Amino acid sequence: MTIGFASRAAVSACSLCAAGMLLLVSPAAATGRAGTDPGSPGGSGTTVPQPAILQHEGTQVRLHADAPGLPEVSALSWLVADAGTGEVLAAHNAHEKLPPASTLKTLFALTVLPAFPGGVRHTVTARELSGIGPGSSLVGVTEGHTYQVSDLWRGVFLNSGNDAVHVLASLNGGWEHTARQMQAKARALGAVDTHVVSPDGYDADGQVSSAYDLAVFGRAGLRNPDFARYCSTAQAYFPGDGGSYGIANTNRLLTGADGVAPYPGLIGIKNGYTSNAGNTLVAAAHRDGRTLVVTVMNPQDGGGFTVYEEARALLDWGFAAGGHVDPVGSLDALRPVTHGPAIVASAVRPAESDWPGTGTVAGAAGLGAAGLGAGAALLGRRSRRRRTAAG
């Protein structure tokens, strides 16, 4: 089994995130917003509830007459939703069970992030690095080296490092224990399509998720300030035996690497690839007071970067379709919901946080020439170290 693309080019640019970008409000009702019934008494002012239809196969969307048409998307499964309300705007085979690749690391982070403060230091043992699958994406964790937990999380989110996942899972009680915890977390979030075997997302018999479940995980992650910062970091330094070296996020829609244009307002989240899963992506972006989350699983057309272009098209459509579609379901539909106050997860490092100032958070504003020069120098150091391509 192969994980990763055949080649990776260095990130040429990144951008800075605007404060307050990740504003999420309380969950929506399970059946979605009511639709207008023009034939009822009171005309357009009367509404009737519309049932969720996400369990159906094929493409599900409820377009108004003035709504933009859906883009052509070749992925086996995809979904676009409003991260604030939870309303699903459109989807295709939303609950089809497919291998998730490294997008499953979103569930791993939701499960394990709360267990350890970022400033905790840990010296890695050989046992913790055993059992890593052949061809795995790696950040370069080495036996005998002492890391902060925050270093390991940057390795997970940026380099998709399965070595970092193995160490964190060991700290959390072991591989199988972490898989069971992830399974329980998925069910608590209403993600019933997901079956966890390998917490790092490495291909394993019976391991599946769905576009719906991955969108649930991505949306939940944005409510955790640490998750939000890690997933939106474009570049950072990672400790090595001879000093720190530069690492870059493998989400090209965030960084603009390899000729993929960065998406304006992109918050990040997680991409993945295995030979079994194909290319997968959970992404979120913010524009004009709205945050959208999209999932794209295994595009059938084009090359390895098609997943980014199909996500781009779905985000563009979702922002343009605001107010012109009725929801086809909700990301809250499969779990009990307590309606509470709005939750804000900021991508700006608060003064009291243990978040080290070693990463560059990507977002709306582009770096100038000086920033590009610094990024090139950072990644030049990284290029001198051999790494397995990330998934």
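On a predicted model such as this, the values are computed, not experimentally measured, just so you know.
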With [X] via side chain to side chain donor-acceptor pair (under 3.5 Å) - residues at least two apart:
| X | value |
| --- | --- |
| S170 | none |
| T295 | none |
| E309 | R312 |
| E57 | none |

Within-4.5 Å side-chain heavy-atom neighbours: L314 and V73: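 Heavy-atom side-chain distance check passes, below 4.5 Å.
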Side chain to side chain contact (heavy atoms under 4.5 Å, CB included) against [X], all qualifying residues, sequence neighbours excluded:
| X | answer |
| --- | --- |
| H122 | V124, E128, V167, L171 |
| T146 | R121, T123 |
| Q181 | T111, N172, H177 |
| V61 | L63, L70, A90, W317 |

Can you list the residues that meet the salt bridge (Lys or Arg N to Asp or Glu O under 4.0 Å) rule with [X], with sequence neighbours excluded?
| X | value |
| --- | --- |
| R290 | D82 |
| D316 | R287 |
| D163 | none |

Residue pair S77 / N93, side-chain donor-acceptor N/O under 3.5 Å: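 Side-chain D/A pair, S77 to N93: absent.
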Distance-only side-chain donor-acceptor flag, Y212 / T194, under 3.5 Å: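 Looking only at side-chain atoms, T194 and Y212 do not form any donor-acceptor pair under 3.5 Å.
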N/O donor-acceptor pair under 3.5 Å between S137 side chain and S160 backbone: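 Answer holds: yes.
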Residues in ring pair (Phe, Tyr, Trp, His ring centres under 6.0 Å) contact with F116, at least two apart in sequence or another chain: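 F116 satisfies ring pair (Phe, Tyr, Trp, His ring centres under 6.0 Å) with no residue once adjacent residues are dropped.
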